[in-house]
**Student:** 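Below you will find the structure I want to go over with you.
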Amino acid sequence: MTENSTLPYKCTMSEATLEKAKREVNEDPGTRQQKLNELRDLFKTRPDINFRLDDAFLLRFLRNKKFDVDRAFKMLIHYYKVRKDFPDMFDNYVPSSVKKIFELNTQMVCPGTDKEGRVILVGKIGDWDPEKYALMDGIKAQLLLLETLLADEEVQVHGMVFVADYAGLNKKHMKFMSPMVMKKMNDVYMNAMPIRFKAMHYVRQPELFSTLFALFKPLLTEKMKKRLNFHGDEYGTLHEHVPSALLPTELGGQLPGYDNSVWMEKVLAAEEEFVYNNQFGFLKSDDILGKEGSSVDPTTGLTGTFKKLDVI
């Protein structure tokens, strides 16, 4: 992809997924293009943002918000806002910048899906040394992985399930997990990324986990709290939700062990896609200085006239 154009959309969903999309996210192939056009029409109200226009990208946000155009538009704005506001996560936002993190093998995409068609992601904290590898680099690596997964329409509709392996959590990790970091992470994952979070499973949590979770819990919506599951060392209850055939031996599964090699290569191969996507977002003030016209309130839209405007 080399230009910001409305590329022809070709549906890649199976018939079963398309039916689920109709039921769960209000997707109607007959009105899909109309909704996309309505969303793009709203872009005119935000001349301070260079929006990406292709259907396949915009559908991620429409599906996440059940084809409510206004809500999808607000999420898309927030997607660009966090990229501007959190440079520690999004500067040099390309897979090659965090290749060393992928090589740590601390997160994996399980081969196959659960019975609901949802992709399973497993992350383990024990092999992360926060004094050698920055926390924000780890978050960046996971976000790059999530966005690569989101390129698949099946994932957009069925959603994702997370399994967080907290074996090895210690005080050294806790030093880097401040309330501010937790708040930023929650804002990005829950409010800016068009991910359908279907369930979260915590396993092998040490006593220290309760302190960490106390920082995070107040940020969660009631809906998300109901999707949390705590298993400790009881793998049987985990396997009731996530088939053991999809999990590594460390979690009582049938796979040989943690292995992210396949998806590491897929993310690294998506380098140019991220380079392309990074050109969109909030315009810098130099891009619009001297242009007379309507000014922009970064929260609500057009407000008046201007001769000089600082957008960022």
**Student:** Quick one: do the His231 and Thr237 side chains pair a donor with an acceptor below 3.5 Å?
**Tutor:**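 A donor-acceptor contact under 3.5 Å links the two side chains.
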**Student:** Which pair of non-hydrogen atoms, one from Met13 and one from Ala21, has the smallest distance, and what is that distance?
**Tutor:**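 Looking at all heavy atoms of both residues, the shortest contact is SD-CB, 4.3 Å.
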**Student:** Mind listing the closest non-hydrogen atom pair of Ser244 and Gly252 along with its distance?
**Tutor:**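 Residues Ser244 and Gly252, closest heavy atoms: CB-O, 4.1 Å.
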**Student:** Given side chain to side chain contact (heavy atoms under 4.5 Å, CB included), test His78 with Phe73 step by step and report yes or no.
**Tutor:** CA-CA 9 Å; His78 202 64; Phe73 181 52; over 6 Å; no
**Student:** Using the rule that Ile, Leu, Val, Met, Phe, Trp and Tyr join whenever any side-chain heavy atoms are under 4.5 Å apart, tell me whether Val203 and Phe197 fall into a single cluster.
**Tutor:**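 Per the 4.5 Å side-chain linkage, Val203 and Phe197 are not co-clustered.
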**Student:** Does a side-chain heavy-atom distance below 4.5 Å link Leu149 with Trp263?
**Tutor:**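 Result yes, sub-4.5 Å side-chain heavy-atom pair found.
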**Student:** Using 0.5 Å steps for rounding, measure from the CZ atom of Phe282 to the CZ atom of Arg46.
**Tutor:**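 Answer for the CZ-CZ pair, Phe282 versus Arg46, is 5.0 Å.
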**Student:** Would you give the length of the straight line joining atom CG of Asp70 to atom CD of Glu38, rounded to the nearest 0.5 angstrom?
**Tutor:** 9.0 Å
**Student:** Going by the rule salt bridge (Lys or Arg N to Asp or Glu O under 4.0 Å), which residues pair with Asp259 if we only count those two or more places apart in sequence or in a different chain?
**Tutor:**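 Expected list: none.
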**Student:** Do the side chains of Lys22 and Pro29 get nearer than 4.5 Å, heavy atoms only?
**Tutor:** yes
**Student:** Can a salt bridge be assigned to the pair Lys172 and Asp129 using a cut-off of 4.0 Å between side-chain N and carboxylate O?
**Tutor:**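 Judged by the 4.0 Å cut-off on N to carboxylate O distance, Lys172 and Asp129 do form a salt bridge.
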**Student:** Whether the side chain of Trp128 engages the backbone of Tyr133 through a donor-acceptor N/O pair (distance < 3.5 Å, no angle test) should be reported.
**Tutor:** yes
**Student:** Go through the steps for Gln107 and Val122 under the test side chain to side chain contact (heavy atoms under 4.5 Å, CB included), then give the verdict.
**Tutor:** CA-CA 6 Å; Gln107 56 186 335; Val122 181; over 6 Å; no
**Student:** Any side-chain heavy atom of Met190 sitting closer than 4.5 Å to one from Met185?
**Tutor:**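 No - every pair of side-chain heavy atoms lies 4.5 Å or more apart.
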**Student:** Nearest heavy-atom pair of Ala167 and Ile125: which atoms, and what distance?
**Tutor:**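 Where Ala167 meets Ile125 most closely, the heavy atoms are O-CG2, 3.9 Å.
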**Student:** For residues Arg196 and Asn64, is any side-chain donor paired with an opposing acceptor at under 3.5 Å?
**Tutor:**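 The answer is no; no qualifying pair exists.
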**Student:** Starting at NZ of Lys175, measure out to CG of Asn170 and round the result to the nearest 0.5 Å.
**Tutor:** 9.5 Å
**Student:** Quick one: does NZ or CZ of Lys140 land under 6.0 Å from the six-membered ring centre of Phe90, within 45 degrees of the ring axis?
**Tutor:**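 Negative - Lys140 is either too far from the ring of Phe90 or too far off its axis.
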**Student:** Grab the two heavy atoms, one from Thr249 and one from Gly257, that are nearest each other, plus how far apart they are.
**Tutor:**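 Scanning both residues, the minimum pair turns out to be OG1-CA, 4.2 Å.
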**Student:** Classify the angle between the aromatic ring planes of Tyr202 and Phe209 as parallel (below 30°), tilted (30 to 60°) or perpendicular (above 60°).
**Tutor:**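 Tilted: the ring planes of Tyr202 and Phe209 meet at 30° to 60°.
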**Student:** A quick test of your reading: do over 12 heavy atoms of other residues, nucleotides or ligands sit less than 6.0 Å from NZ of Lys184?
**Tutor:** yes
**Student:** Could you check whether Lys35 makes a cation-pi contact with Phe67, meaning its NZ or CZ is under 6.0 Å from the centre of the six-membered ring and within 45° of the ring axis?
**Tutor:** no
**Student:** Do you reckon Met160 sits in the same ILVMFWY cluster as Met75, going by side-chain contacts under 4.5 Å, direct or chained?
**Tutor:** yes
**Student:** Ring pair (Phe, Tyr, Trp, His ring centres under 6.0 Å) with Phe43: which of Tyr80, Phe280, Phe51?
**Tutor:** Phe51
**Student:** As an exercise, state the distance from CG of Asp28 to OG1 of Thr31, rounded to the nearest 0.5 Å.
**Tutor:** 3.5 Å
**Student:** Check for me, please, whether Leu121 and Leu150 land in the same ILVMFWY cluster - side-chain distances under 4.5 Å, paths through other members count.
**Tutor:**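 Cluster IDs for Leu121 and Leu150 match.
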**Student:** Report yes or no: do Leu169 and Ile139 belong to one cluster of Ile/Leu/Val/Met/Phe/Trp/Tyr joined by side chain heavy-atom distances under 4.5 Å?
**Tutor:**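 Result: yes, single cluster for both.
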**Student:** Looking only at heavy atoms, what is the nearest atom pair of Asp127 and Thr106, with distance?
**Tutor:**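 Closest pair (atom of Asp127, atom of Thr106, distance): CB-CG2, 3.9 Å.
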**Student:** Working to the nearest 0.5 Å, report the span between CG of Leu143 and OH of Tyr93.
**Tutor:** 4.5 Å
**Student:** Is any side-chain heavy atom of Lys171 closer than 4.5 Å to a side-chain heavy atom of Leu208?
**Tutor:** yes
**Student:** Which atom names give the shortest non-hydrogen contact between Asn186 and Leu219, and what distance separates them?
**Tutor:** ND2-O, 3.4 Å
**Student:** Please assess Leu36 against Leu62 for the test side chain to side chain contact (heavy atoms under 4.5 Å, CB included), listing each intermediate value before the final yes or no.
**Tutor:** CA-CA 8 Å; Leu36 283 162; Leu62 284 170; 3.7 Å; yes
**Student:** Could you check whether Gln142 and Tyr189, counting side-chain N and O atoms only, form a donor-acceptor pair closer than 3.5 Å?
**Tutor:** yes
**Student:** For Asn278 and Phe274, indicate whether the former's side chain and the latter's backbone hold a donor-acceptor pair under 3.5 Å.
**Tutor:** yes
**Student:** Among Arg32, Lys10, Arg40, find the residue that satisfies the salt bridge (charged side-chain N to carboxylate O under 4.0 Å, His left out) test when tested with Asp55.
**Tutor:**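 Among Arg32, Lys10, Arg40, the one meeting salt bridge (charged side-chain N to carboxylate O under 4.0 Å, His left out) with Asp55 is Arg40.
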**Student:** Please test Asn92 against Val94 for side chain to side chain contact (heavy atoms under 4.5 Å, CB included), starting from the C-alpha separation and ending with a verdict.
**Tutor:** CA-CA 6 Å; Asn92 198 20; Val94 291; 3.5 Å; yes
**Student:** Any chance you could measure Glu27, atom CD, to Leu59, atom CG, to the nearest 0.5 Å?
**Tutor:**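 It comes to 6.0 Å.
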**Student:** Before giving the answer on salt bridge (Lys or Arg N to Asp or Glu O under 4.0 Å), spell out for Lys266 and Glu273 the whole-Å C-alpha distance, their side-chain angles and the decisive distance to 0.1 Å.
**Tutor:** CA-CA 12 Å; Lys266 289 184 179 181; Glu273 169 64 17; over 6 Å; no
**Student:** Within the 3.5 Å criterion, strictly below it, is a donor on Tyr258 or Asp165 matched to an acceptor on the partner's side chain?
**Tutor:**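 Yes, because at least one side-chain N or O of Tyr258 sits under 3.5 Å from a partner of the opposite role on Asp165.
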**Student:** Shared ILVMFWY cluster between Ile77 and Val82, side chains joined below 4.5 angstrom?
**Tutor:** yes
**Student:** Please assess Glu153 against Arg63 for the test salt bridge (Lys or Arg N to Asp or Glu O under 4.0 Å), listing each intermediate value before the final yes or no.
**Tutor:** CA-CA 9 Å; Glu153 292 188 295; Arg63 288 177 179 133; 2.8 Å; yes
**Student:** Which side-chain hydrogen bond (donor to acceptor under 3.5 Å, both in side chains) pairs, counting each pair once, include a residue from residues 109-123, with sequence neighbours left out?
**Tutor:**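 Qualifying pairs: Asp114-Arg118.
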**Student:** Is any side-chain N of the basic residue among Asp68 and Lys66 closer than 4.0 Å to the acidic one's carboxylate O?
**Tutor:**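 Salt bridge flag = no for Lys66 with Asp68.
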**Student:** Answer yes when Lys100 and Glu103 have at least one side-chain N-carboxylate O distance shorter than 4.0 Å, and no when they do not.
**Tutor:** no
**Student:** Step through the shown structure and confirm whether more than 12 heavy atoms of other residues, nucleotides or ligands are within 6.0 Å of NZ on Lys99.
**Tutor:** no
**Student:** Testing the 3.5 Å rule here: is there a donor-acceptor pair between the side chains of Glu271 and Tyr276?
**Tutor:** no
**Student:** Between Asn105 (side chain) and Asn260 (backbone), is there a donor-acceptor pair under 3.5 Å?
**Tutor:** yes
**Student:** I'd like to know if the side chain of His201 and the backbone of His241 have a donor-acceptor N/O pair within less than 3.5 Å.
**Tutor:** no
